[in-house]
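Chain letters run A, B, ... following the sequence lines, proteins first, then strands; residues in each count from 1.
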Protein chains: 2
Amino acid sequence: MTVSKAAEKSSEKASNAAKGRKDAPEGLPEALQLGELSEQLGYVLKRAQLKVFENFLRCMASLQLTPAQFSVLLLVEKNPGRNQTEIASTLGILRPNFVAMLDNLESRDLCARIRSTNDRRSHILVLTDKGKAVLTRAKKLVATKHESRLNELLGQANREALLEMLSKIANEF
Amino acid sequence: MTVSKAAEKSSEKASNAAKGRKDAPEGLPEALQLGELSEQLGYVLKRAQLKVFENFLRCMASLQLTPAQFSVLLLVEKNPGRNQTEIASTLGILRPNFVAMLDNLESRDLCARIRSTNDRRSHILVLTDKGKAVLTRAKKLVATKHESRLNELLGQANREALLEMLSKIANEF
DNA sequence: TGATAATTGTTATGAACCATATCAAATATC
DNA sequence: GATATTTGATATGGTTCATAACAATTATCA
């Protein structure tokens with residue numbers, strides 16, 4: 001009885017429809033069978049990614065940073081003095097779409113565009129003092145509230161193995 | 001000289017900018033340092049997911065199936081007789097957005113909406129004969145061209161471990 | 001029973017994200 | 001010095017994702 005929920009209802013639809021009765025006492029809110037779906041790499045990968053981004057946003061709510069914005073700040077901090085094209089392209093962001101992102105970060109005084117003196121077409125990107133401070137706090141939040149959950153969930157060794165496999169896929173698939 | 005185009009300019013920016021010279025012969029096409037980014041779960045996960053979807057689309061080019069469409073066909077096959085709300089919600093698709101998806105699949109004669117006789121509000125979903133045939137071919141393509149790459153890349157044991165960890169994240173994060 | 005509430009598929013609509021073409025200013029090329 | 005290329009930017013269109021609202025149907029329950 002408890003196992004047969006899905007059976008009950010889809011057979012209700014199937015059989016009751018044929019017999020025209022609707023008064024059979026009902027079981028539970030039966031879940032669908034995922035079947036082969038749960039073995040599909042893309043499916044599982046996408047759902048995991050959504051969950052992780054969701055959790056990231058919750059952890060960063062106080063700083064109002066999206067994963068993309070966080071990645072920009074990290075990359076600018078690690079590579080000061082690079083221009084928009086360089087930062088955007090290594091993040092896989094198209095130049096036109098990067099403009100609004102920077103407008104946002106700059107309006108919040110987290111990073112700044114500086115006209116380059118030796119190539120006056122390009123804008124050098126740097127973190128402001130506030131940007132550095134916010135990034136420091138962001139890193140702490142990510143480490144303690146976000147990445148730490150991975151360790152709790154998988155254990156240190158598995159966590160590292162997972163990151164390694166994902167990097168391999170990202171680079172060699 | 002041929003290799004150094006990109007290098008010329010950006011190290012020119014970093015070092016030459018300070019010294020004010022632009023004539024130094026240049027090194028290599030320097031890539032940016034990813035730094036902590038490559039350890040960020042969300043970043044690596046997203047990039048891996050994009051690569052996997054990209055590969056999926058290439059493998060399915062002959063059948064013109066997106067990952068989302070493939071998942072719908074799989075789920076309908078495994079759970080015949082369910083309505084739109086049930087199929088959409090277990091895939092995380094909002095009902096309004098599911099309408100156009102079904103319009104597409106139905107216009108290609110891959111699945112059909114059947115007015116339920118015991119609840120005339122709802123549409124029962126089923127695969128058409130063509131839908132079943134296409135899904136069979138799709139599964140083969142996915143198995144031989146897509147999922148098989150995972151084994152080549154990671155090995156059977158690691159592949160299973162990866163899927164398990166991703167499922168855990170998707171369900172418990 | 002009949003009035004009211006809830007559900008189903010649908011449409012309309014807007015936000016967010018992604019991609020292409022194009023432009024002016026600046027620089028590189030030859 | 002004429003031509004081509006690069007940079008940041010704008011405009012624009014296409015997807016994807018989310019919410020509100022509606023008609024038809026069914027459930028609820030006084």
Worksheet item: Distance from B:L45 atom CG to B:L50 atom CG, nearest 0.5 Å?
Response: 10.0 Å
Fill in: salt bridge (charged side-chain N to carboxylate O under 4.0 Å, His left out) contacts in which one or both residues fall within residues 135-146 of chain B, not counting sequence neighbours
A:E36-B:K139, B:E77-B:K139
Practice prompt. Scan for salt bridge (charged side-chain N to carboxylate O under 4.0 Å, His left out) pairs involving residues 161-173 of chain B, sequence neighbours excluded, and state none if there are none.
Written response: none
Worksheet item: Which of residues 59-77 of chain A sit near DNA chain D, with a heavy atom under 4.0 Å from it?
Response: none
Practice prompt. Go through residues 96-106 of chain A and report each residue with a non-hydrogen atom lying under 4.0 Å from DNA chain D, sorted by number.
Written response: A:P96, A:V99
If I take atom [atom1] in residue [X] and atom [atom2] in nucleotide [N], what distance separates them, rounded to the nearest angstrom?
X: B:L94; N: C:dT11; atom1: CG; atom2: C1'; value: 15 Å
X: A:F53; N: C:dA16; atom1: CZ; atom2: P; value: 16 Å
X: B:L50; N: D:dT15; atom1: CG; atom2: C1'; value: 14 Å
X: A:I93; N: C:dT20; atom1: CD1; atom2: C1'; value: 17 Å
X: A:R115; N: C:dT27; atom1: CZ; atom2: C1'; value: 13 Å
X: A:L91; N: C:dA19; atom1: CG; atom2: P; value: 14 Å

Worksheet item: Between A:G92 and A:R120, who's closer to the 5' end of DNA chain C by nearest nucleotide?
Response: A:G92
Partners passing side chain to side chain contact (heavy atoms under 4.5 Å, CB included) against [X] (at least two apart in sequence or in another chain):
X: A:S148; value: A:E152
X: B:E54; value: B:K51, B:R58
X: A:S89; value: none

Worksheet entry | Base-contact (B) and sugar-phosphate-only (S) positions in nucleotides 3-8 of chain C, heavy-atom cut-off under 4.0 Å, - elsewhere | ---BBS
Discussion item. According to side chain to side chain donor-acceptor pair (under 3.5 Å), who are the partners of A:N79, at least two apart in sequence or on a separate chain?
Written reply: none
Worksheet item: Would you find a donor on one side and an acceptor on the other, under 3.5 Å apart, between the side chain of A:E147 and the backbone of B:L41?
Response: yes
Practice prompt. Assign each of A:R113 and A:K46 to its nearest nucleotide of DNA chain D by heavy atoms, then name whichever residue's nucleotide is nearer the 5' end.
Written response: A:R113
Fill in: Any pair counted as side chain to side chain donor-acceptor pair (under 3.5 Å), so long as it reaches residues 94-103 of chain A, sequence neighbours left out
A:D103-A:R113
Discussion item. If you compare every side-chain N and O of A:R82 against the phosphate oxygens of D:dT7 (OP1, OP2), does one of them come in below 4.0 Å?
Written reply: no
Worksheet item: ring-ring contact (aromatic ring centres under 6.0 Å, His included): which pairs involve residues 67-102 of chain A, sequence neighbours left out?
Response: A:F56-A:F70
Worksheet item: Listed by chain and number, what are the ring-ring contact (aromatic ring centres under 6.0 Å, His included) partners of A:H123, not counting sequence neighbours?
Response: none
